[in-house]
Amino acid sequence: MAEEDARPMQWILGNMPLVAIFEGLILIIMGVSFYIFPEGESSPTALIPAIIGAGLLIPGYLAYSNESMKMHAMHATAVFALVGTLGGAMGLPDMITGDFDRPTIARFVLLIICGEYMILSIMSFRAARIKREQEAGN
């Protein structure tokens, strides 16, 4: 039973470039839509999630299409996810005070998506290291 529960996680950890592409697209769509359809005046800072999303999408695609670049590209996505997580965390004080305007929501979504990607990246890097050590031992 526990092995069946681990299968989806094994698939996710083995296909992190696809996860990076998917989550990058989500962030790009969110950033561009918040820029094109602002509440008030349009601000270029609304594109920050789109920039972070491109930082996930482009290296994610490189890792998916070119196996020799996979390790470097996935580390690049982890750096962008870290920047997005830290940037998204800036919205936590606003959420605590009850301010739920669009920038706060955008920061919260950025925090959730990038934070989740960071956790998955760490798990994936760890799984890859264990796999390399097992292959070297055999």
Side-chain angles (χ1 to χ4, degrees):
M1 183 76 166
E3 187 176 314
E4 290 176 9
D5 294 338
R7 281 189 188 158
M9 186 57 70
Q10 294 291 335
W11 186 88
I12 290 171
L13 295 178
N15 291 294
M16 285 300 290
L18 293 176
V19 174
I21 292 168
F22 177 71
E23 293 187 1
L25 282 174
I26 290 172
L27 290 174
I28 290 171
I29 291 167
M30 181 184 75
V32 170
S33 65
F34 278 11
Y35 181 75
I36 293 175
F37 306 110
E39 282 182 335
E41 187 177 319
S42 183
S43 172
T45 58
L47 292 172
I48 291 172
I51 293 167
I52 300 295
L56 293 176
L57 176 90
I58 294 168
Y61 177 74
L62 287 174
Y64 180 74
S65 63
N66 189 347
E67 187 67 32
S68 66
M69 292 194 60
K70 186 174 184 177
M71 184 175 71
H72 300 298
M74 295 313 296
H75 281 86
T77 62
V79 169
F80 276 97
L82 176 63
V83 170
T85 302
L86 295 174
M90 291 173 42
L92 288 177
D94 293 334
M95 292 197 72
I96 291 170
T97 60
D99 180 17
F100 292 102
D101 58 353
R102 284 178 90 178
T104 304
I105 293 170
R107 282 186 234 127
F108 184 68
V109 170
L110 189 65
L111 173 67
I112 296 298
I113 290 177
C114 289
E116 172 263 338
Y117 187 81
M118 274 302 301
I119 292 169
L120 289 177
S121 291
I122 292 166
M123 292 172 64
S124 173
F125 294 155
R126 185 171 179 264
R129 181 177 178 197
I130 290 170
K131 183 179 176 184
R132 275 195 314 269
E133 288 174 355
Q134 287 176 346
E135 289 174 354
N138 290 334

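Being a predicted model, the structure only gives us computed values, none of them experimental. In this chain, residues are counted from 1 in sequence order.
A pairwise comparison of heavy atoms in Lys70 and Pro17 identifies CE-CG, 4.0 Å as the closest pair. Nearest approach of Gly60 to Thr77, heavy atoms of both residues: N-CG2, 3.8 Å.
No chain of hydrophobic side-chain contacts below 4.5 Å, direct or via other Ile, Leu, Val, Met, Phe, Trp or Tyr residues, connects Ile130 to Ile119. When hydrophobic clusters are built by joining Ile, Leu, Val, Met, Phe, Trp and Tyr residues whose side-chain heavy atoms come closer than 4.5 Å, directly or via intermediates, Val79 is not grouped with Leu110. Note on Met90 and Phe108: separate hydrophobic clusters, where clusters join Ile, Leu, Val, Met, Phe, Trp and Tyr whose side-chain heavy atoms are under 4.5 Å apart, directly or indirectly. Follow the hydrophobic side-chain contacts under 4.5 Å out from Tyr117 and you reach Val83 in the same cluster. A single hydrophobic cluster is seen to contain both Phe22 and Leu56, as judged by linkage of ILVMFWY side chains at heavy-atom distances under 4.5 Å, directly or through other members.
Every residue meeting the side chain to side chain contact (heavy atoms under 4.5 Å, CB included) condition with Ala76, not counting sequence neighbours, appears here in chain and number order: Pro59. Residues passing the ring-ring contact (aromatic ring centres under 6.0 Å, His included) test with Phe125, sequence neighbours excluded: His75. Here Leu13 pairs with Met9, Leu120, Met123, Ser124 under the side chain to side chain contact (heavy atoms under 4.5 Å, CB included) rule; sequence neighbours left out.
Here salt bridge (charged side-chain N to carboxylate O under 4.0 Å, His left out) pairs that include residues 41-61, with residues two or more places apart or in two chains, number zero. Residue pairs meeting the salt bridge (charged side-chain N to carboxylate O under 4.0 Å, His left out) criterion with at least one member in residues 92-111, sequence neighbours excluded, are Asp94-Arg107. Residue pairs meeting the side-chain hydrogen bond (donor to acceptor under 3.5 Å, both in side chains) criterion with at least one member in residues 42-58, sequence neighbours excluded, are Ser43-Thr45. Applying the side-chain hydrogen bond (donor to acceptor under 3.5 Å, both in side chains) test to residues at least two apart or on different chains, none of the pairs has a partner in residues 78-92. Within the structure, every pair that satisfies the side-chain hydrogen bond (donor to acceptor under 3.5 Å, both in side chains) test and touches residues 52-66, not counting sequence neighbours, is listed here: Asn66-Ser68. A side-chain hydrogen bond (donor to acceptor under 3.5 Å, both in side chains) check over residues 16-30, counting only residues at least two apart or in different chains, returns nothing.
More than 12 non-hydrogen atoms from other residues, nucleotides or ligands lie less than 6.0 angstrom from CE of Met95.
Between the CD1 atom of Ile26 and the CG atom of Leu57 there is a distance of 11.5 Å, given to the nearest 0.5 Å. Between the CG atom of Asn15 and the CD1 atom of Ile21 there is a distance of 10.0 Å, given to the nearest 0.5 Å.
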(request) Let me see the working for Ser121 and Met16 under side chain to side chain contact (heavy atoms under 4.5 Å, CB included), right down to the final yes or no. (result) CA-CA 7 Å; Ser121 291; Met16 285 300 290; 3.8 Å; yes

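Side chains of Cys114 and Ile52 form a contact here, defined as non-hydrogen atoms less than 4.5 Å apart.
Residues Leu82, Leu86, Ile122 make up the rest of the hydrophobic cluster containing Met118, defined by ILVMFWY side-chain heavy atoms closer than 4.5 Å, directly or through other members. Apart from Ile96 itself, the hydrophobic cluster it occupies contains nothing, where clustering links Ile, Leu, Val, Met, Phe, Trp and Tyr at side-chain heavy-atom distances under 4.5 Å.
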Please list, one pair per line, the donor and acceptor atoms closer than 3.5 Å that link side chains of residues 28-39 to other protein atoms, with sequence neighbours excluded.
residue : atom : partner : partner atom : Å
Ser33   : OG   : Ile29   : O            : 2.9
Ser33   : OG   : Met30   : O            : 2.9

